[in-house]
Amino acid sequence: MTRCRFLSLLLLAALVVSANAAKGGGPRGAGRNRGGRRMYGSSAIPMSHRNSASVRYYENKDGAKIVKASHFELDYMLGRKITFFCMATGYPRPEITWLKDGIELYHHKFFQVHEWPVGNDTIKSKMEIDPATQKDAGYYECQADNQYAVDRRSFRTDYVMISY
């Protein structure tokens with residue numbers, strides 16, 4: 001690679017970083033969620049790089065959008081309860097699905113989901129695992145979706161052992 005081409009790429013990268021910082025991208029960069037995964041909402045992809053169908057989907061005012069969620073990382077003690085929270089808005093009201101390591105979770109004896117509709121456009125969902133075991137360590141996601149959009153938040157868990 002020639003020196004001029006390298007300097008051009010370096011300048012372009014600096015401009016992108018500067019633009020992301022100006023948009024409030026924060027320390028992890030614009031277009032990334034708390035887990036560092038690439039998002040395709042709001043300002044993650046410049047308008048000039050989107051086609052019209054993409055803009056209608058990702059910028060739809062009625063699309064599902066997660067507005068509140070648990071922290072990204074959780075260390076839990078074995079035998080205790082794990083709880084994650086997710087709240088989403090959209091019209092029609094979104095549905096929330098919980099996943100672990102990319103696989104949808106279903107109800108069983110030690111896993112429960114509680115949901116509360118709020119008005120015509122909001123849903124609150126709380127996922128609990130009680131008691132937590134070593135197998136519960138992993139990567140969890142809440143996914144909110146309606147006919148216009150899908151939004152996800154990610155949570156990582158690991159267990160801790162207390163030594164006395």
Side-chain angles (χ1 to χ4, degrees), residues 16-17 19-76 80-159:
V16 168
V17 169
N20 284 343
K23 289 180 185 177
R28 291 190 177 101
R32 298 207 179 261
N33 65 10
R34 291 182 180 188
R37 295 185 62 194
R38 185 81 172 139
M39 294 185 336
Y40 297 100
S42 61
S43 63
I45 299 174
M47 277 297 218
S48 61
H49 291 89
R50 295 182 183 175
N51 63 35
S52 61
S54 172
V55 170
R56 280 193 309 275
Y57 182 78
Y58 291 112
E59 301 295 331
N60 190 306
K61 67 180 178 58
D62 293 326
K65 182 176 292 286
I66 295 173
V67 293
K68 196 179 228 183
S70 297
H71 295 285
F72 168 68
E73 209 167 318
L74 173 73
D75 290 334
Y76 64 91
R80 299 280 177 92
K81 184 189 291 187
I82 297 174
T83 302
F84 288 118
F85 176 79
C86 202
M87 185 168 93
T89 63
Y91 191 82
R93 181 187 306 121
E95 292 183 8
I96 293 182
T97 305
W98 291 94
L99 303 106
K100 179 182 186 269
D101 299 327
I103 300 170
E104 185 175 346
L105 292 170
Y106 293 95
H107 296 277
H108 63 75
K109 186 176 176 181
F110 305 113
F111 168 77
Q112 294 183 359
V113 173
H114 307 280
E115 291 191 334
W116 303 271
V118 179
N120 293 328
D121 64 349
T122 303
I123 185 89
K124 293 180 182 182
S125 182
K126 180 172 73 169
M127 184 269 292
E128 297 178 327
I129 300 171
D130 189 19
T133 67
Q134 290 177 347
K135 290 181 184 178
D136 295 317
Y139 186 73
Y140 291 84
E141 293 177 288
C142 74
Q143 174 182 293
D145 65 280
N146 65 9
Q147 67 192 50
Y148 298 112
V150 176
D151 195 9
R152 288 185 174 195
R153 287 297 179 276
S154 307
F155 318 100
R156 189 184 69 76
T157 63
D158 203 359
Y159 62 92

Q | Atom pair CD1 (I96) and NZ (K124), whose distance is rounded to the nearest 0.5 Å | A | 11.0 Å

Q: Keeping to residues at least two apart or across chains, list the salt bridge (charged side-chain N to carboxylate O under 4.0 Å, His left out) pairs with something in residues 95-109.
A: none

Q) Could you go step by step and tell me if F72 and R156 meet the side chain to side chain contact (heavy atoms under 4.5 Å, CB included) rule? A) CA-CA 6 Å; F72 168 68; R156 189 184 69 76; 4.1 Å; yes

**Q.** Nearest heavy-atom neighbours spanning A137 and Y159
**A.** CB-CD2, 4.2 Å

Q | Interatomic distance, C86 atom SG to R152 atom CZ [nearest 0.5 angstrom] | A | 11.5 Å

**Q.** Non-hydrogen side-chain atoms of C142 and F85 separated by less than 4.5 Å
**A.** no

Q: Supply the atom-to-atom distance S154 OG to E73 CD, rounded to the nearest 0.5 angstrom.
A: 12.0 Å

Q. How long is the gap from CG on N120 to OG1 on T89, to the nearest 0.5 Å?
A. 12.5 Å

Q: For residues A69 and R153, report the shortest heavy-atom separation together with the two atoms involved.
A: CB-CG, 3.9 Å

Using atom types as modelled, flag every donor-acceptor pair under 3.5 Å from a side chain in residues 125-134 to any protein atom, sequence neighbours excluded.
residue: S125; atom: OG; partner: W98; partner atom: NE1; Å: 2.9
residue: K126; atom: NZ; partner: E128; partner atom: OE2; Å: 3.3
residue: E128; atom: OE1; partner: H114; partner atom: NE2; Å: 3.3
residue: T133; atom: OG1; partner: K135; partner atom: N; Å: 3.4
residue: T133; atom: OG1; partner: D136; partner atom: OD2; Å: 3.3

Q.
For D75, is there any backbone N or O sitting under 3.5 Å from a side-chain donor or acceptor partner on T157?
A. no

Q | Point-to-point distance, once rounded to the nearest 0.5 Å, from OH of Y140 to CG of L74 | A | 9.5 Å

**Q.** Shortest non-hydrogen separation from I123 to R93 and the atoms involved
**A.** CB-CD, 3.8 Å

Q) Take atom OH in Y91; do more than 12 heavy atoms of anything else shown fall under 6.0 Å from it? A) no

Q: Give, for atom CZ of F155 and atom OG1 of T83, the distance between the pair rounded to the nearest 0.5 Å.
A: 11.5 Å

Q. Can you list the residues that meet the side chain to side chain contact (heavy atoms under 4.5 Å, CB included) rule with A64, with sequence neighbours excluded?
A. P94, A144, N146

